[in-house]
Amino acid sequence: MELIEEAPHRFRIDPHGPMRVPGVVFASRKLLNDAEKSLEQVVNVATLPGIVGASYAMPDIHWGYGFPIGGVAATDVADGGVVSPGGVGFDISCGVRLLAADTDQKGLESALTEVMDGLDRAIPRGAGPGGVWHLTGPGQLERILRGGSRYAVGEGHGVERDLVRCEDGGAVADADVDQVSARARERGLGQVGSLGSANHFLEVQRVDEVYDETAAAAFGITVGQVCVMIHCGSRGLGHQICTDHVRLMDRAMTRYGIKVPDRQLACTPVESPEGQRYLGAMAAAANYGRANRQLLSDAARKVFHRAAGIRLSLVYDVSHNLAKIETHPVAGTRRTLCVHRKGATRAFPPGHPDLPDDLREVGQPVLIPGTMGTASYVLVGVAGGDAFSSTCHGAGRVLSRHRAARAVGGRELRARLESAGIAVRPRSLRGLAEETPEAYKDVSEVVAASEGARLCRTVARLVPLGVVKG
DNA sequence: ATGTTC
C-alpha cells in the first residue's frame with residue numbers, strides 16, 4: 001500500500017481501481033505498524049457509491065467488520081449515497097459519558113473504598129442479561145427506543161441539565177421501533193442500564209493535567225477534580241439490529257446495482273427503503289445507548305451521594321459509533337451527507353449551532369477512554385478540522401484477547417493496579433487480563449497524533465482511581 | 001462489540 005505523507009500526521013492513498021475518492025489516514029508511522037489489513041479496508045470503503053471527500057482513518061485505526069474501526073466515511077444523500085451498517089459497527093451508539101464531581105481527590109480519599117464497593121454492587125456488567133432497570137413490559141422498551149435519555153430523565157433518573165449536555169439533547173427523533181426485530185427487543189429487554197464487557201468500563205478518575213484552561217473551565221473540570229467516566233453501548237439490542245440489517249442489505253444490494261469489494265460492506269442508498277429502515281433501527285439503538293448511560297449515571301450518583309455526599313454533574317455524552325445526517329461543505333457547496341463514524345468521535349468546532357449555548361464558543365467536548373491504569377483524555381473540536389468534524393475514539397487494540405490473557409494473569413494484573421493506587425472491581429479476572437494495558441496502543445500517542453493532524457485540541461488528561469469492569 | 005459460533 002503506497003502511503004504519501006502529504007502533511008504532518010496525514011497520509012494519502014491515491015485512488016486506484018474502483019476507488020471513487022482517495023484514502024486519507026491521520027497517524028504517525030509508528031501507529032501504522034501492522035496496519036496493512038485495516039488500510040485495505042480504507043481502500044475498500046473508498047469504493048462506496050456516493051462517497052465524498054475521502055475515506056478517512058483516525059490514528060487509532062484497526063481492523064474491523066468491513067470498515068476499519070477508526071474510520072469516517074460520508075456519502076452524498078442526494079447523489080445516491082449509501083448507508084452501511086458496517087460503517088457504524090455492531091455496538092451501535094457505543095460512546096462515552098463524563099461526569100464531574102463537586103470534590104477533588106482529597107474529598108474522596110477516605111470514602112473511595114466505600115464508593116468502589118457501592119459501585120461494585122450497583123453497576124450491572126459482564127456478558128448476558130442484567131440491568132439496573134427491570135422493565136414492566138414491551139411498552140416501556142419502546143419508550144426507551146423513542147425517548148433515550150430524555151425518557152430516563154422524565155422517569156426521575158436524572159436532571160434536565162443532563163439532556164442539555166448530551167449529544168442530540170439525549171434522544172434522536174427519527175427512531176423507527178417497527179424496524180427493531182422481536183429478537184433484538186428480546187435481547188434489549190433485560191440489559192437496560194448495564195456496562196457489558198470487553199473494553200467497556202466505569203471509572204472513577206482524577207483530572208491529572210489541564211492543557212486548555214478556557215475549554216476546561218467551560219466544560220466544568222479543573223486539576224485534581226474527581227470525575228466518573230462511563231464507556232458502554234447498546235448491548236445485545238444494537239448487536240442484533242446490526243446483524244439483522246446487514247443481512248437485509250446484503251440481499252437487497254444487487255437490486256440497486258451496487259457491487260462492493262467485501263460483503264461486509266453491505267449497503268443500500270440512504271434514500272432506499274432498506275436504508276431508511278436501517279437508519280430508523282439504528283436511531284432506536286442510539287436512544288437505547290443514551291438511556292443506558294443515563295441510568296448508569298443515575299446509579300453511580302446514588303452511590304457517590306450515599307457513601308460520600310458527593311454530587312456528579314454531566315460534562316458531556318457523545319457516541320463514537322453512529323451514522324448521522326449532517327450538512328458539510330463539499331467542493332465549496334453545502335451538501336446533506338450521511339456521515340459514518342465507526343470508532344471515531346464527532347468533534348464539532350466552536351460556533352456550531354448544535355452545541356449547547358454554554359459550550360458553543362469553545363467547541364464540542366470529545367471524550368477519549370484510555371485503558372486501565374493509563375489515562376483518558378478530554379479533547380475539543382476545532383475549526384478547519386478535516387474528516388467532517390471527527391477525531392479519534394480511544395487507544396485501539398494491538399493484542400488479541402487470547403494473547404492478552406496469555407501475557408498476564410488476572411490476579412497478577414489486579415495486584416499491579418492496586419499497588420499503583422487503582423482500586424479494581426472486576427466481574428471476572430479473565431476479563432480483566434484481556435484488558436491489560438499492554439493489549440492497547442498508547443492512548444497518549446493517539447491523542448497527540450489527532451492533535452498533530454489538526455482534528456482536535458487536547459483539553460485535559462484524566463487518570464484512574466478506581467475501575468469497574470465487566 | 002456480542003446470550004464471546006445460527
Take atom CD of A:Q240 and atom P of B:dC6, then tell me their distance rounded to the nearest Å.
-> 10 Å
Atom-pair distance (OH on A:Y65; C1' on B:dT2), nearest Å | 13 Å
A:R401 CZ to B:dT5 P, straight-line distance once rounded to whole Å | 11 Å
Name the closest nucleotide to the A:H239 side chain, picking from B:dC6, B:dT4, B:dT2.
-> B:dT2
Compute whether any side-chain donor of one residue and acceptor of the other, for A:Q294 and A:Y151, lie under 3.5 angstrom apart.
-> no
Atom-to-atom span, CZ of A:R125 to P of B:dT2 - whole angstrom | 14 Å
Would you mind classifying the nucleic acid contact of A:G89 as base, sugar-phosphate or nothing, using non-hydrogen atoms under 4.0 angstrom?
-> nothing
Return the value, rounded to whole Å, for the distance between atom CD1 of A:I69 and atom C1' of B:dT2.
-> 13 Å
Are A:E326 and A:R346 close enough for a salt bridge, meaning some N to O gap below 4.0 Å?
-> no
Flag the pair A:K324 and A:D168 as a salt bridge only when some basic side-chain nitrogen lies within less than 4.0 angstrom of an acidic carboxylate oxygen.
-> yes
Within this structure, what is the CZ-to-P distance between A:F90 and B:dT5, rounded to whole angstrom?
-> 13 Å
Looking only at side chains, do A:H393 and A:D60 share a donor and an acceptor under 3.5 Å apart?
-> yes
Between CD of A:Q264 and P of B:dT2 the distance, given in whole Å, is 18 Å
Touch class at under 4.0 angstrom, heavy-atom based, for A:Q191 against every strand present = sugar-phosphate
Would you kindly give the NE2-to-C1' distance between A:H200 and B:dT2, to the nearest whole Å?
-> 10 Å
Could you pick out which residue, A:S197 or A:R247, lies toward the 5' side of DNA chain B when each is mapped onto its nearest nucleotide?
-> A:S197
A:R235 side-chain proximity, nearest of B:dT2, B:dT4, B:dC6 = B:dT2
Measure up the A:Y56 and A:F26 rings against each other and bin them: parallel (under 30°), tilted (30 to 60°), perpendicular (over 60°).
-> parallel
Across the strands shown, which category fits A:R397 at heavy-atom distances under 4.0 angstrom: base, sugar-phosphate, nothing?
-> nothing
